[in-house]
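Comments concern the structure below.
The figures that follow rest on heavy atoms only: side chains count, while hydrogens, waters and symmetry mates do not. Chain identifiers are assigned alphabetically (A, B, ...) following the order of the sequence lines, protein sequences preceding nucleic acid strands; residue numbering begins at 1 within each chain.
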There are 4 protein chains.
Amino acid sequence: MRSKNKPDGQKRSFIERARREQIIDAAVRTIAELGYPNASLARIARTAGISKGVISYHFEGKDELMDQVVMDVYTEIGETVVPRMMAQDSSSEALRVHIRGVAEYALEHRERMAALAQIFIHARDARGNPRYGGLQAEPLYEGLENLYRAGQESGEFRDFDVRVMAVSQQSAVDGMFEYWRVHPDHDLPAHAEQLADLLLHAIRVEPSSPAPPTTRSP
Amino acid sequence: MRSKNKPDGQKRSFIERARREQIIDAAVRTIAELGYPNASLARIARTAGISKGVISYHFEGKDELMDQVVMDVYTEIGETVVPRMMAQDSSSEALRVHIRGVAEYALEHRERMAALAQIFIHARDARGNPRYGGLQAEPLYEGLENLYRAGQESGEFRDFDVRVMAVSQQSAVDGMFEYWRVHPDHDLPAHAEQLADLLLHAIRVEPSSPAPPTTRSP
Amino acid sequence: MRSKNKPDGQKRSFIERARREQIIDAAVRTIAELGYPNASLARIARTAGISKGVISYHFEGKDELMDQVVMDVYTEIGETVVPRMMAQDSSSEALRVHIRGVAEYALEHRERMAALAQIFIHARDARGNPRYGGLQAEPLYEGLENLYRAGQESGEFRDFDVRVMAVSQQSAVDGMFEYWRVHPDHDLPAHAEQLADLLLHAIRVEPSSPAPPTTRSP
Amino acid sequence: MRSKNKPDGQKRSFIERARREQIIDAAVRTIAELGYPNASLARIARTAGISKGVISYHFEGKDELMDQVVMDVYTEIGETVVPRMMAQDSSSEALRVHIRGVAEYALEHRERMAALAQIFIHARDARGNPRYGGLQAEPLYEGLENLYRAGQESGEFRDFDVRVMAVSQQSAVDGMFEYWRVHPDHDLPAHAEQLADLLLHAIRVEPSSPAPPTTRSP
DNA sequence: TATGAATGAGCATTCATTCAT
DNA sequence: TATGAATGAATGCTCATTCAT
């Protein structure tokens, strides 16, 4: 009963779902620890304490497993961050809450964040092209652009190229996580606040100090 | 006479240096075209029109070859950008020239830039850790930090966390190149100008429009 | 209650027999469509719309399933052809009816014929030897030999090596089906008539035209 | 230096050719002994006493190796049989010499013949279709058809459907080898002579005994 | 110096079979 | 009876590295 047969409206049994979750979890831990290129199905199976074939039984292949990991983490981040953003009055606060939110998620789910980044960077399709690269980021960019445009229309933000800003913000956030991965003692929340300050300075209309005296990252 | 024995002060013969340069060049072209994971030594050798064994003879292994590629390109970028930065009067102009400079280098040496990014992302040591991750970036961060501090001391820049800014700027520049790689028709110079504007807005003290009316990225 | 325990004189329940027939049918369709090597138990189960385990429950293993398919089809062919042959007066007519009969059966049960051929060709025992090769064909050869000898004794057929003829006739018939499988628009009945002519020319005593003006295969 | 790079007019070194011949030979022996489905690259390598990777080094893949085996044996058979056929005056003698010739080749190269048959039967392409099946036999059929037509035009052979005859003859010859494979003590040359008699009786115009008193297969 | 040859570990995937429920 | 789950061996293939010539 391969997963490829499942989207036909069939439900997954409880045990099936549990196994898939267990395997996804083992994949996350393995990728976070060893990096995507070393996270072979054999190693993931060893991490999970199961036979190699179990993964093939529950997932169509490595690609589907990775898709599920990405979807899992993505969904989780969205559930954490989006509601908080919606609750904000201003675009500025929404932007700040966004960055703060993903940083908090990362802090609480370090391995999942690391695995997500690894998969984004390394996963390729059969022809060698990135599976989640570039073009898949488009929805993210568009989401940010909508946020910027709302701020521009409300007069909060000045006039600037929203695509360049979206790419830069996304990159800066990714860079923050990567820096934190390399320096695990780095103060991630403080970095997130600083980064939000910088980004708001970059695009806000009124330059008067928008943030209280900031603390430095350690 | 493996290359690992070479740092002992022995000189490389002319022919040796030529061969290494030829191999490095083939590596750059192969990585840029096929991506790091597909750039096996066999493919690099084929690109160079030489036998696989030659690479092993001239380089300790794949890792050393990648080191050399990175060093080569890095040095070239530095030689292009640093003198121009030194020629500027203000920190703002230095920062702008820096971003403009690397963008120009990338435009003129697209393959080298692409290969550099691929190696940074994919190369790992035996234990799965990134070979060029984070720690190797430290000199870059420090260089940017010095630039920021100079601007802060001269009153050009406001007070902000220089490490966070350095990480963010570096990430935004990397993101710019990646976006350009995925969208080859993207207007890189325009993006670079926009990015410089954003960064300067983020850190300059005076809020009055510091840049002339900018053009948008296409 | 594995099937391997069944030949001990125990009867199969109605439901048991129905299930086995269902599975055999699914095996035939799967093999005919995908070829023996691609007809895994999983695919056969999917064709039948049942779980993989059911097959293992009702059959000792893949080998026994294949045995049953072969026996099923074989029996059916025999039931179709043998009575017709018995009704003929001469050995010549019996031979012609035999070939015509199997061709007619094949036309009406294309999948079963195709599956039979696939199993004959591909099925092997654990040591790599064909499961239905040669030795299992002995009864067929002997049946044909009896037919030839009867014709020789009645003076219809000349003197020739009956074993060589039996092997050749069987092969020519198999070849006819294989050719038809590869060229589905081939005129099988016409081919069968032509083949009967050729075989009779090869062994009949009187060379004068034994067949009415024949039509050619398209 | 994969073989796929070789057709570009590059010569193979002596040692390269020797290795390829050695591997082809090991493949023939392995297939003949264990059957195609059990002749994995690992087993072939073990037969040859070499590492698994050597095969991948010298051949593009399993498919190319099998192609080479087929081509090798085919060429050898052609070199044995064709000149002898050309030396005959009549179509009848050419047909007889053809069958006698392949039988003699088989007798002297039993394993090669067995391996050829195995590959023809079992080798499939990626989509599951036979690699050498049916359509590839067309040249053989056409060769036989030309022979028949020449005989018909010279008045040696009667009028009959040449395609049916070609398929039947080819099948009967294949069946002869298969019978001999199953019964290794079978008198192959005698079978071949008998078969030639039968085929000539089937198609020759004059009914008077064309062959001397024949011996029976044992 | 340079080469082609060889190695052996590792890869994702497929499969018949077994088994507890 | 029937099922889904799990197993582990086997498959073709890739690759960095080693080595004799």
For [X] and [N], what is the distance between atoms [atom1] and [atom2] respectively, to the nearest whole Å?
{"X": "Leu65(C)", "N": "dT17(E)", "atom1": "CG", "atom2": "P", "result": "10 Å"}
{"X": "Ile50(B)", "N": "dT3(E)", "atom1": "CD1", "atom2": "P", "result": "7 Å"}
{"X": "Phe59(C)", "N": "dA2(F)", "atom1": "CZ", "atom2": "P", "result": "12 Å"}
{"X": "Arg131(A)", "N": "dA12(E)", "atom1": "CZ", "atom2": "C1'", "result": "14 Å"}
{"X": "Ile23(C)", "N": "dT1(F)", "atom1": "CD1", "atom2": "C1'", "result": "11 Å"}
{"X": "Arg46(C)", "N": "dT14(E)", "atom1": "CZ", "atom2": "P", "result": "11 Å"}
{"X": "Leu41(D)", "N": "dG8(E)", "atom1": "CG", "atom2": "C1'", "result": "15 Å"}
{"X": "Arg20(D)", "N": "dA5(E)", "atom1": "CZ", "atom2": "C1'", "result": "14 Å"}

Which sits closer to the 5' end of DNA chain F, Gly53(C) or Asp63(B), going by the nucleotide each is nearest to?
Gly53(C)
Could you pick out which residue, Ile15(C) or Arg43(B), lies toward the 5' side of DNA chain F when each is mapped onto its nearest nucleotide?
Ile15(C)
hbond_proxy Ser40(A) side chain to dG10(E) base (donor-acceptor, 3.5 Å cutoff)
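Flag unset: no donor-acceptor pair detected.
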Answer with yes or no whether Lys52(C) presents, from its side chain, a donor or acceptor under 3.5 Å of a partner atom in the base of dT17(E).
yes
Closer to the 5' end of DNA chain E via nearest nucleotide, is it Val54(B) or Ala39(A)?
Val54(B)
Identify, between Pro37(A) and Arg19(B), the residue whose nearest nucleotide on DNA chain E lies closer to the 5' end.
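With Pro37(A) and Arg19(B) compared, the 5'-side residue is Arg19(B).
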May I ask which nucleotide in the shown strands pairs with dT21(F), Watson-Crick or G-U wobble, both distances under 3.5 Å?
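When the pairing criteria are applied, dA2(E) turns out to be the nucleotide that pairs with dT21(F).
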Suppose we define a pair by two distances each less than 3.5 Å, Watson-Crick or G-U wobble; what does dA16(E) pair with here?
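Its partner is dT7(F).
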So, is the end of the Lys52(A) side chain (NZ or CZ) under 6.0 Å from the ring centre of Phe59(A) and within 45° of the ring's axis?
no
Do the side-chain N or O atoms of His58(B) get closer than 4.0 angstrom to the phosphate oxygens (OP1, OP2) of dA2(E)?
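So the side-chain polar atoms of His58(B) do come within 4.0 Å of the phosphate oxygens OP1 or OP2 of dA2(E), strictly under.
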Using only side-chain N and O atoms of Tyr57(D), determine if any of them is under 4.0 Å from OP1 or OP2 of dA5(E).
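Affirmative; the distance criterion is met.
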Taking the minimum atom-to-atom distance to the side chain of Ser51(C), which one of dT3(F), dA5(E), dA2(E) wins?
dT3(F)
Are Leu116(C) and Val69(C) packed together at the side-chain level, in the sense that at least one heavy-atom pair is separated by less than 4.5 angstrom?
no
pair Arg181(C)-Pro130(D): side-chain heavy atoms closer than 4.5 Å
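They are in contact (side-chain heavy atoms under 4.5 Å apart), so the answer is yes.
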Could you tell me how the ring of His122(C) sits relative to the ring of His122(D): parallel (under 30°), tilted (30 to 60°) or perpendicular (over 60°)?
perpendicular
Looking at CD of Gln22(D) and CD1 of Ile50(D), how far apart are the two atoms once the value is rounded to the nearest 0.5 Å?
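Spacing of CD (Gln22(D)) from CD1 (Ile50(D)) equals 5.5 Å.
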